[in-house]
Structure formats: structure tokens, C-alpha cells
Peer 1: 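Sharing a structure here in C-alpha cells format.
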Amino acid sequence: MIDKIVPSIAAAVADIHDGATVMIGGFGTAGMPAELIDALIARGARDLTIVNNNAGNGETGLAALLKARRVRKIICSFPRQTDSQVFDALYRAGDIELELVPQGNLAERIRAAGAGIGAFFSPTGFGTLLAEGKETRVINGRNYVLEYPIHADFALIKAERGDRWGNLVYRKTARNFGPIMAAAAKCAIAQVQAVVPLGDLDPEVIVTPGIFVQRVVPIVSFAASAVPQAAA
Amino acid sequence: MIDKIVPSIAAAVADIHDGATVMIGGFGTAGMPAELIDALIARGARDLTIVNNNAGNGETGLAALLKARRVRKIICSFPRQTDSQVFDALYRAGDIELELVPQGNLAERIRAAGAGIGAFFSPTGFGTLLAEGKETRVINGRNYVLEYPIHADFALIKAERGDRWGNLVYRKTARNFGPIMAAAAKCAIAQVQAVVPLGDLDPEVIVTPGIFVQRVVPIVSFAASAVPQAAA
Amino acid sequence: MQRFTRDQMAARVARDIPEGAYVNLGIGLPTIVANHLPRDREVFLHSENGLLGMGPAPAKGEEDPDLINAGKQPVTLLTGGAYFHHADSFAMMRGGHLDYCVLGAFQVSATGDLANWHTGGKDAIPAVGGAMDLAIGAKNVFVMMEHQTKSGESKIVAACSYPVTGLACVNRIYTDLAVIDVTPAGLVAVDMAQGLDFAELARITGVPLTNGIASAIAA
Amino acid sequence: MQRFTRDQMAARVARDIPEGAYVNLGIGLPTIVANHLPRDREVFLHSENGLLGMGPAPAKGEEDPDLINAGKQPVTLLTGGAYFHHADSFAMMRGGHLDYCVLGAFQVSATGDLANWHTGGKDAIPAVGGAMDLAIGAKNVFVMMEHQTKSGESKIVAACSYPVTGLACVNRIYTDLAVIDVTPAGLVAVDMAQGLDFAELARITGVPLTNGIASAIAA
């Protein structure tokens, strides 16, 4: 019997190695797998390349991972925020490398990795600083920039419910990068609010089929469990 | 108030013009919008380019459209079937043009059209007859073929339920090409088993958001209404 | 001269968005446009973090940390709205499915180049988010901005001095002084603040500007 | 000599598919493999028309025209299975997420080129379906075929004479005579039919073949 449920969050991240590329789901704090990030900090892996939309908020979660100086490079679209002081300080000190990617290119490059695409001509960024040095092409009169997939060793994502086959559903806008990061990583680790018995998730409604998920860890986060689970 | 529900199936296809590129959903007969195809035949538009996985089964649906000699060219992955006699005869007589596309390239090219991708390097077909004359590239030691999006003027698809904003859900493997064809066409027309009030479709569960759908036509097909609507 | 207030600018943008339009409102000034869309006009607001049919801010105490907009503020979902993942969300933007986006800007060039993501300052930490995707993806790109910088320079320029977000992508500019279309024939003013003289508007703007204001044409 | 029956071939393939594997079984002969997977071994069957967790054929009268496999035959969905659209389904295949696919073939070359979609005949109407995607996408590509054509020629060849489906993509070949691995060092027989002599197998195969059969190694 296949059971992807990992009872301990520490065990779920135990093989994340120094130098790994780790995708972390979430848009700001919505969908951010806070407990998995804390476990990654405890695990102690260094020289990480992190892929996330942002570069940490406040002092917890991804910001805490940065603060612990475990991150060599971050690939993101929107590092600068009102509460991105941890990243800002590291960046100004030259202590972290930044690959800034337009958000749509970030999403599509992650999706391309999961879908086996070798590269794609993107309409976004042509003629801008963020396309400097990149191959371009005119197709049907329109300008495109060649973009490559972003693969990862691990993805840490947050979902609402999961089963032992790794099937996942998400909650509202916390879905964001979860499904595409799961598919782009060799090992996708999902923290879920609840583990449900196989068959509880309607096959029409499963957002991430288990083929993309290697480990599922149940977490009860007080913030999220305080709100009703039904859609608005 | 926005209401994408079109009460008459004839009205739904009334502007499909001679020479149009029309995507038709379905994998064999699962998800094939039979009533919309019949309406297209009645409409009489000629010189059509059809995009479908197959090239018609038996004598009805797409096969009937072919038999009525309305199709100049078909883009598909699997024309030859035990019951593809209509296509076979036209093809052997040189009366229809065939662009044969590996099924994954077909799906990804349709998806690329909806997603604004200019072209992409596909891992499929390298070194085969179906990549002859196409640009190729080695990326990270792997061979790829450059493939271009397939855009359409219209998409005719079949869904299970839809609302007046054009939101759709599908039924089992009848989903197949519906969601990506809706996004790839300038005008997506969905026949549905049932129109439901706005809000009946759970926002977590909508497969095709209304932004991709221009018209929704309610149809009661006896074959499908005879089976229970819940997932297996 | 009576400059347009921010609410007047937003109301003017809202007037130009027809029923049934799919619209993305950028962070900042454009957000106010939502307040000016008539309640009986169904307009579909898209938020790039995976939301279509975005509703107004929730009542105090009803905020849900999992239901936010691209500015990371709590929002609601209208009946009939839908959630989706990031690649699907940006497919809507990049695939040309949005009818309108409304963006703030540092500068817009006479040919519609947009600069709104980066001051280019040596010390500035760049952040781009979805700005470049919106700039090239929406069928109509509207910019809302003050006509001039604080030091009085025109933000409508011959060529952007700030790093661009997209080339030749802006269709219409709404400022506190005027509404200006970017056309193949150049910039055309279609509306301006009361008491403002077209010659004065052209002087302030500092790049070639045609008078296409209905009253001017009629006169 | 006792040739492997189709069921024996399928059983042999099934034995090589471990629990937890994601597997696509091609149309025709490979379909039989499903009958030989032990019921207590959880193997996830994928069907390219948008189905993961495919179950056996339904009981007579329980067929659902909306629940079919890639061969367009009625199937069922196991508890825990899921539906998805075609681009997502092929992302699973092309993105390397399937552990195994099992395909029929006209020919396999000594370097693992696969020919299974088109005879190349002038009158033949070509049809490719998902064959090329499976050939390049799965981590392990298994081929099941008769060892020889009806006229007695080896279907394992130095170079495919039929149009290829994919280059250097086959990992293992299951025939009615043998199980042969495609390795960087060439073809290696790892099993053969009872009563068959390796020299005879090599002669029938007609391309260089190494004897890697456990009993032979032990001997």
C-alpha cells in the first residue's frame, strides 16, 4: 500500500541537502508553508537556491530562512515590500544573489519544467532590463524573449487537504504557485491542514493529482483553522 | 447584467464563417459537442480548418461535417480508426488536407495559444517524420523541436454544467481538450448538459473560468442524461 | 484651473470600462477605480494571484488570510467568481484575455512605452511582480498617474528615462490634467481639466500633443 | 522451445513494475499487463485522455461513454483517482512523471529507437496519437512485441526501416522469445523462453546480443 503521509515534519525535509534548489509556494503569506520552512531552518541545509514569488515578509517563514543565512540565491518577482527588511539588508550587503523574474515568466518557467518544455518564447519583458542578453525573436510580428524552465530539487507547498496518494486541494488564493511547483520539483512536499481518507477528494475536484506529490505532512495551523473551510 | 447563455444552438454558431479555424473538443465521442457540430453543418460554413484529436467516428458528428465536404484541412493526432471511413475516403481521394500532430504537441500547441506563448521547444517528435523541416535545438543535452501555437476563430466544446458568466465544469474524461480549446479560440462556444444559477459552481471547482468562454448553450443529450451525474 | 482629483480620475477610467469587461487594476491609484464602477454594471475584476470576480474589501473581522489580492490586501469573491493557479492566472494576462488593465506609472513615452517598475536608482531594490505581463497582455492598457512629477516635470516624455516595463503598450493615459490617447499618429488629448487651456496643457506635457477634445473639435 | 504466450509476456512485464509506479499501458498487447498486476500492489495507471488511477473495465451495462481510456474503451476509476485536461495529462507524460510506459512496436533498433506508429506504406493513413510523447517522456520505456514478423524476420533491427517514433528511447524489450535490455553497451538478453538456446536466440535476433541471463552468468 502506498502511503505518502509523513507523520513528522522534520522527517519530511530530512534529505534537503546543502546547495539544493527549493521552490517555496505562497504569494506573500497566503499559501506559504510556514511549518515546512521552519523545519527546513531546523534541518540546517545551506547554500540554497530559493524560488518564491517574494523574498520574505517580516521576520518569520522565508524571511527567517534568509535571516539564518541559508540562502545563496533567490529567484523571485517581487522582493521589495514594506516588510522585506531581512532580504533588503542581505541584498544591500551583497550577501544574497537575486534573479528577478517577471511574475508571469516565473509562473510559466516553473510550469514549463513540470511539463517537459525545453524553452519557450515569452511575450513578457521584451526590450526591458530583465531581458538583457536574452535571445529574442519576432513571431507573427510580435516580439518574444526566450525563457528557460526552472527545475527544483524540492518544492515546499501548502494545501488544504491531501490523501495518502498525494492528491491535493487548496484553499482560495492560497492555491497560487502550489500546483506548478509540485510538478516542477523532483520531490514535492505538501503540508496540509487535514489528511483525508482516499476517495474523500472528488476526482473532478482534485487540483494536484498525486503523481506530482511525493510527501504529505498534516499540520494544524491556528490561523487557518479558525476560518471556515467552505469556499466564500 | 452579463448573460452568456444563448438559447438557440443555431444562434450560437450563426457567425462561423467560411474559412474559419474551428477547434472541436472531444476524444473520440467523449466530450464531442455533437449538437454544436450538427448546428455547424446546418449553418453551412465551408473551407473550414478543424482542430480535433481525431478525424471523425462513424457517420455522425465530425464525420458528418467531413462528409458534407465543409472541411478543407484537419489538424489532429489520430485520424485512422476502425470507424474513420469518411475521413479515410476523403484523404485517399486527396479531398482533405491533413496536418498530423503528436497528441502532446497538439495539446501543448493549443495551450500555448491560450497562454500567449510565441513558440516552444518540445521534447516530442525529434528525429521523426513529423518534425521534418522543423527547427531543432539541443538544450541541456536533450533534443527539442520548435512548435508553434494553434489559434482558432471558434472552439466548440462540451461541458457538464455552465452558468451565465461562462464558468464551466466537465464530466470525467469528457473534459479532455475542452479547457485548453476554450482558451485558444477567439470565441469559445460551450454546449452544456445544464445551465445552473450563478454561484452554483463552487469557485474552487470551476475548471474553465468564464473569461475563456463567450457563449453557453444548454443541451439535453439523451445518452449523457441517462447516466448519473456524480463522479464514479 | 481645477485639477482632476484622484476620485475624478478613477471615475473617468470607470466610465470607460464597459459592462462585461475583464479588468485588472494595478496596485496603488488604479485600485480606486473599483469604487467607481456602478453596482449594476457587471465588470469582472482579475487579480493575478489567482482570482477572477474579485469583490470589495471584507467587513472588519471578516478578513481571510487566504483570500487576498495582488497587493496582498484582504478581498472578497463575488458570486460566480473562481480560483485558479498562477500559471492559469498569467495565461489569462499574457494570452490576451483581459480587456483592460489599469496601471500606475513613473513615465509614459509619446509612443506608449511604459515605465512603472523601477526607478533605476543605484540603491533601489528592484521588484517587478506582474507589471510586465500586464503591460503586454491586456487588450487595452490604461495608465493613471499625476501629469507631472513633484518638481513639475512632465511624466509624459519623448523617451522614458526610467527602465521600461513594456514597449509601445499604453493605449490611454489618465492624469490629473487630461485624458490622452496614444495613437499611431501620436498623442491626442481627448479630455482635460476645467479651466485648463489646450496650449497650456501642451506646454506642460512637453511632447507633441494633438487636440482631440470633443468641444475643441466641435468649435 | 516454448514461446512465451501473450499472458506470460504480460505477467513478466507486470513483475517488473513495482508498487507505487505511475504507468501508462499503450493500446493493444500492453493493455493485458493490467490483468497481471497483483491486486494488493498499488500501481497507478495513467490514460492520456485525462485519467490517473484507471481501474478495470466496468461490468456489462455499467459502461459510461464519458469514462474511457486512450483506446476509447470503457473503463472505471479507482478510489483516489483523478480527472484532468489534456495539457495537464501530457505534462505528466512529457515532463517525466511517468515511471513506466509499455508500448507495442513494429521494430526496435539495437540502440533503442522505436518504430510503432506508421508502416510508412504509401496507402497507409498515418496516425500517431500519444505514441511519440510516451516514447520520450516516461522514465522507463518497455516494449512488448512478437520477436519476429509473420515472415520470420527479426523485429529487433540494426536500424529501423519503418518511420521512427522516438530515438534511443526504449529501455527493455519483452518478446515471445526473450527479455532484452537496451544498454549503452548494446542489447543484453536477461531472460528467454524455455528450451531456447542463446546461440539460437542471437541468430534469430540478427543483431549483436550479449547473454546476460542469470542462469547463463551463474553457469
Side-chain angles (χ1 to χ4, degrees), chain B residues 25 27-31 53-55 57 76-81 84 87-88 91-92 98 100-108 110-112 114-115 122-131 142-143 158 160 170-181 207-208 223-224 227-228 231-232, chain D residues 47-51 54-55 58 62-79 81-96 113-115 117-118 120 123-137 163-169:
Chain B
F27 183 87
T29 54
N53 187 61
N54 303 104
N57 301 79
C76 71
S77 90
F78 210 81
R80 186 197 63 223
Q81 299 173 90
S84 61
F87 170 80
D88 296 0
Y91 181 76
R92 291 219 160 89
L98 168 66
L100 187 70
V101 181
Q103 197 169 150
N105 283 352
L106 185 67
E108 191 70 17
I110 295 168
R111 193 252 169 206
S122 167
T124 295
F126 179 85
T128 74
L129 280 180
L130 299 186
R142 203 164 170 206
N143 292 307
K158 178 181 174 179
E160 184 62 10
Y170 301 83
R171 186 166 179 277
K172 304 186 179 182
T173 59
R175 185 184 305 193
N176 58 66
F177 285 92
I180 53 175
M181 285 184 170
V207 174
T208 298
V227 298
Chain D
S47 186
E48 52 261 51
N49 55 316
L51 181 58
M54 184 167 62
E62 304 278 302
E63 299 88 350
D64 181 340
D66 285 344
L67 181 44
I68 60 173
N69 66 11
K72 305 195 172 77
Q73 298 158 316
V75 294
T76 52
L77 189 75
L78 298 181
T79 297
Y83 302 113
F84 31 82
H85 66 55
H86 242 79
D88 282 350
S89 186
F90 278 79
M92 293 177 190
M93 297 156 71
R94 298 149 60 102
D113 295 351
L114 170 67
W117 72 282
H118 188 21
D123 225 40
I125 296 179
V128 63
M132 291 186 181
D133 303 289
L134 284 168
I136 59 84
V164 296
T165 309
L167 301 178
C169 57

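Convention: sequence-line order gives letters A, B, ...; per-chain numbering from 1.
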Peer 1: Sort B:V207 into side chain, backbone, both or neither according to what part of it lies under 4.5 angstrom from a heavy atom of chain D.
Peer 2: neither

Peer 1: If you round to the nearest 0.5 Å, how far is CZ of D:R94 from CD of B:Q103?
Peer 2: 10.5 Å

Peer 1: Measure distances from D:T165 to the heavy atoms of chain B and classify the residue's part below 4.5 Å as side chain, backbone, both or neither.
Peer 2: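 Contact with chain B involves the backbone of D:T165 alone.
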
Peer 1: Can you give me the closest heavy-atom contact between B:G127 and D:L167, atom names plus distance?
Peer 2: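 It is CA-CD1, 4.0 Å.
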
Peer 1: Locate the shortest heavy-atom distance separating D:I125 from B:R80; write the atom from each residue and the value.
Peer 2: O-NH1, 3.0 Å

Peer 1: Heavy-atom pairs under 4.5 Å with chain D: which of B:D88, B:L100, B:L98 has the most?
Peer 2: B:L100

Peer 1: Could I get the full list of salt bridge (Lys or Arg N to Asp or Glu O under 4.0 Å) partners for B:R142, not counting sequence neighbours?
Peer 2: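 If we apply the salt bridge (Lys or Arg N to Asp or Glu O under 4.0 Å) test to B:R142, skipping adjacent residues, there are no hits.
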
Peer 1: Which heavy atom in D:A87 sits nearest to a heavy atom in B:I180, and how many Å separate them?
Peer 2: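 Nearest pair, atom of D:A87 first, then B:I180: CB-CG2, 3.8 Å.
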
Peer 1: Go through the atoms of D:D113 and report whether side chain, backbone, both or neither lie under 4.5 Å from a heavy atom of chain B.
Peer 2: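 When you check distances to chain B, no heavy atom of D:D113 falls under 4.5 Å.
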
Peer 1: For chain D, find which of B:G125, B:P102, B:A174 contributes the most heavy-atom pairs closer than 4.5 angstrom.
Peer 2: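 Between B:G125, B:P102, B:A174, the count favours B:P102.
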
Peer 1: Measure B:F87 against the heavy atoms of chain D and call it side chain, backbone, both or neither at under 4.5 Å.
Peer 2: side chain

Peer 1: Identify the two heavy atoms, one from D:P65 and one from B:A30, that lie closest to each other, and give their separation to 0.1 Å.
Peer 2: O-CB, 3.5 Å

Peer 1: Under 4.5 Å, counting heavy-atom pairs only, tell me which of D:T76, D:L134, D:D123 racks up the most with chain B.
Peer 2: D:D123

Peer 1: Ignoring hydrogens, what is the shortest heavy-atom contact between B:T173 and D:G50? Give both atom names and the distance.
Peer 2: CG2-O, 4.2 Å

Peer 1: Quick check on B:N105 against chain D: is it the side chain, the backbone, both or neither that has a heavy atom closer than 4.5 Å?
Peer 2: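 Interface part for B:N105: both.
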
Peer 1: Indicate the ring-plane relationship of D:H86 and B:F27, choosing parallel, tilted or perpendicular according to the 30° and 60° boundaries.
Peer 2: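 Ring orientation of D:H86 relative to B:F27: tilted.
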
Peer 1: What are the two closest heavy atoms between D:F90 and B:G104, and how far apart are they?
Peer 2: CD2-CA, 3.2 Å

Peer 1: Would you sort out whether D:M93 and B:T124 count as a side chain to side chain contact (heavy atoms under 4.5 Å, CB included), showing the intermediate values?
Peer 2: CA-CA 10 Å; D:M93 297 156 71; B:T124 295; over 6 Å; no

Peer 1: I need the residue from B:P123, B:G28, B:C76 with the largest number of non-hydrogen atom pairs under 4.5 Å to chain D.
Peer 2: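 Most heavy-atom pairs within the cutoff with chain D belong to B:P123.
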
Peer 1: Determine the sole option in D:L51, D:L67, D:N49 for which the side chain to side chain contact (heavy atoms under 4.5 Å, CB included) test with B:K172 is passed.
Peer 2: D:L67

Peer 1: Working to the nearest 0.5 Å, report the span between CD1 of D:I68 and CG of B:N176.
Peer 2: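 Nearest 0.5 Å value for the CD1-CG distance: 7.5 Å.
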
Peer 1: Looking at B:R111, B:E108, B:R175, which makes the most heavy-atom pairs under 4.5 Å with chain D?
Peer 2: B:R175

Peer 1: Measure distances from B:Y91 to the heavy atoms of chain D and classify the residue's part below 4.5 Å as side chain, backbone, both or neither.
Peer 2: side chain

Peer 1: What residues form a side chain to side chain donor-acceptor pair (under 3.5 Å) with D:E62, not counting sequence neighbours?
Peer 2: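 Not a single residue meets the side chain to side chain donor-acceptor pair (under 3.5 Å) criterion with D:E62.
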
Peer 1: Based on non-hydrogen pairs under 4.5 Å, which of D:G130, D:P126, D:G166, D:P163 is most in contact with chain B?
Peer 2: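 Winner by heavy-atom pair count: D:P126.
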
Peer 1: Sort B:T128 into side chain, backbone, both or neither according to what part of it lies under 4.5 angstrom from a heavy atom of chain D.
Peer 2: both

